[in-house]
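Quick note: numbers below take in every heavy atom, side chains included, and nothing from hydrogens, waters or symmetry partners. Chain A is the first sequence line, chain B the second, and so forth, proteins listed ahead of strands; every chain is numbered from 1.
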Amino acid sequence: MRVHNAEIVNTLNRLADLLEIDGENPFKIRAYRNASRVIGGMSHEVSDWVDEGKDLTDIPGIGKSIAEKITTIVKTGKLPYLKDVESHTPAVLSKLMRIDGLGPKRVQLLHEKLHIRSIKDLKQAISSGKIYELAGFGEKVAKRIQEGIKHLTEYESRYALNEAVPIVQTLLSYLKQCPRVTEVECEGSFRRRKETVGDLDILAIAVDGKSVIDYFIQYDEIKEVISQGKTRSTVRLRSGIQVDLRVVPAQAFGSAQLYFTGSKAHNIAIRKIALQHNLKINEYGVFDGNERVAGRTEDEIYRKIGLSYIEPELREDRGEIEAARDNQLPKLITLQNIRGDLHSHTDATDGNNTLAEMAKAAASKGYEYLAITDHTQHLTMVHGLDKKRLLQQIKKIDRLNEQLNIVILKSAEIDILEDGSLDLPNELLKELDLTVCSVHSKFHLSQAKQTERILRAMDNPYFNILAHPTGRLINRREAYQVDMENVMRAAAMRGCVLELNAQPERMDLSDVQCKMAKDMGVKLVISTDAHEVSQFDWMQFGVYQGRRGWLEASDVINTLSLSQLQKVLKRR
DNA sequence: GCCGTTTTCGGCCCGACTGTTTTCAGTCG
């Protein structure tokens, strides 16, 4: 039984929760959480490293003790130390920690004094009034816990980035109307362009914080005000999303941006570096003793501590700080670098617009080329193209190409069948400018079989692009089991390209996998998989994800001119 | 528990808001 990184991440996090409830040394707890985060951000399976006998303490944040525990987890699937902790602090208590308003201390008290071990117990303790017997538990706290329990089930999932965009836009335009606000921005994971955002962190510049907060809480989309002070406030919108507003003066804008953008791990890391320079960073600036020495811009702050400017998308403490120190940061890809889209559908299968409409829409974006990639026959439920219909489409494209100022590339999204063969014969594939190949069936094959299936498909000399390589749907479907490292190695050797699918619910590959591909020398393509003209706009989300994966224009083939692109697509 | 351009020991990011307190602990970001 192979132990995946996700399981190690979970185990270490649970352990940290329970130790925190136990009142253990906070720095020890941080060490576990930090190790968990580092492993979560790794592209390689730690279990492979253990099998290969590599030294896990080479991983930053992992020392002798945690390395031993991970090795135990990988080799036995269990961790006796965790069992040990659970014998006096039940595992379910870590669930209670997820309730808003409940931290380690209160959970500990609830468990010790009232023997509460579940949400049900907790509800009972509140309704019976027993909870008020505990020190520090008044009516407000009890109410907050009740609300917290409700929210736990109501708003569990995070929002896809594209869903957050209109919510942010409406809120920002409201805040901009506040006469005292001179600048307002959304920071946090939204600014880091994570594929999903949990809450919104809004930063406003104003001299008088209180008046801005007073204005903010009048916003008519607010469902409840959770907290409200002189410089910050937290509310929940009717949509369920939580919003934190922070107001700072203009001279602190950069430091507040930095602080509010995060990530938390990135902030901790740069504050540590500041300490090495005998400086202190907080949200109000960089301080040498009591003197503020920087703070107006982020750039100024990074330079003060010997780093070059780090783009928000990179701020995850996954090597960007070391790269900034060594002047080795990537020059990240931008939307302007994109010259075409290589994955789109028409009404010939499951798209909503005609071939001509799609082509014109792509041309109006300034693209040089667009690949039409309708589904193939195996996908019967969308009326996939057979040989005859594909040939008809090819002729149609020839005619259209004479009329339009964009080159339509002949292609198809070809099903990879269970045995690794492609859903159309090679004599037809050779008529195409490129192929986009994907797995649409048999998601539950074993990892070995799924990997073998894809490798076999790549053996076909007409195979160009592996579309949505893991098949995951955010919040809805797990990725199928596939050895991505193996797939990438094969792609690099064969000159195959991996897609970063920009559909907001796919975002497939992940940021970490993009970086892994780049590091392994695999070329990527960022494609929208548009099923109607408006979906070409999803390109921006793909670019964001690529930036989070450290991609530069040179890593992505649809930044190439048409003639350069055609060279890359010729595998033989 | 981790880590080292002061260090293998003694540090470990920093501040706002709330509630239940009589000066601060707990939680959150």
Measure CD1/Ile321(A) against P/dC3(B) and give the value in whole Å, please. 15 Å
Looking at Ser65(A), I'd like to know whether one of its side-chain N or O atoms comes within less than 4.0 Å of OP1 or OP2 on dG1(B). yes
Nearest-Å distance for atom pair CD1/C1', residues Ile59(A) and dG1(B): 15 Å
Rounded C1' spacing from dA25(B) to dT20(B) in Å: 10 Å
Taking the six-membered ring for Trp, is the centroid-to-centroid distance between Tyr174(A) and Tyr219(A) below 6.0 Å? yes
Please figure out whether Gly61(A) or Asn282(A) has its closest DNA chain B nucleotide nearer the 5' end. Gly61(A)
Salt bridge (Lys or Arg N to Asp or Glu O under 4.0 Å) involving Lys54(A) - partner list, sequence neighbours excluded: Glu52(A)
dG1(B) P sits how many Å from Asp22(A) CG, rounded? 13 Å
In whole Å, what separates the C1' atom of dT22(B) from that of dG29(B)? 28 Å
Verify side-chain contact (heavy atoms from CB on, under 4.5 Å) between Asp511(A) and Gln513(A), making sure each step is shown before the conclusion. CA-CA 5 Å; Asp511(A) 48 6; Gln513(A) 288 165 327; over 6 Å; no
Between dT8(B) and dC2(B), how far apart are the two C1' atoms, rounded to whole Å? 12 Å
Between atom NZ in Lys230(A) and atom C1' in dT18(B), what is the gap in whole Å? 13 Å
Mind checking whether Arg37(A) and Tyr32(A) have side chains closer than 4.5 Å, heavy atoms only? no
Sugar-phosphate means primed atoms, P, OP1 and OP2; the rest is base. With that split, encode nucleotides 20-29 of chain B 5' to 3' as B, S or - using protein heavy atoms under 4.0 Å. S-----SSSB
Given the structure, check if the side chain of Asn25(A) and the base of dG1(B) hold any donor-acceptor pair shorter than 3.5 Å. yes
Could you measure between the two C1' atoms, the one in dT6(B) and the one in dG10(B), and give it in whole Å? 13 Å
Say you draw a straight line from NZ of Lys176(A) to CG of Leu171(A); how long is it, rounded to the nearest 0.5 Å? 10.5 Å
Distance, rounded to the nearest Å, where Leu258(A) contributes CG and dC14(B) contributes P: 13 Å
Can you check the distance between dC3(B) and dC13(B), where both ends of the measurement are the C1' atom (answer in whole Å)? 16 Å
CG of Asn267(A) versus P of dG15(B): gap in Å, rounded? 13 Å
Tell me: CD of Glu322(A) to C1' of dT5(B), nearest whole Å? 15 Å
Is the phosphate of dC17(B) approached by Thr231(A) (side-chain N or O, under 4.0 Å from OP1 or OP2)? yes
When you measure from the centre of the six-membered ring of Phe190(A), is the NZ or CZ of Arg192(A) closer than 6.0 Å and no more than 45° off the axis? no
Indicate, with a heavy-atom threshold strictly under 4.0 Å, whether Lys69(A) touches base, sugar-phosphate, or nothing. sugar-phosphate
Scan Thr71(A), Thr76(A), Thr72(A), Ile70(A) and name whichever one has a side chain to side chain contact (heavy atoms under 4.5 Å, CB included) with Val74(A). Ile70(A)
NA contact type, Ile270(A), heavy-atom cut-off 4.0 Å: base, sugar-phosphate, or nothing? nothing
Donor-acceptor check, side chain of Ser94(A) to backbone of Leu18(A), threshold 3.5 angstrom: yes or no? no
Rounding to an integer number of Å, can you tell me how far Arg37(A) CZ sits from dG1(B) P? 19 Å
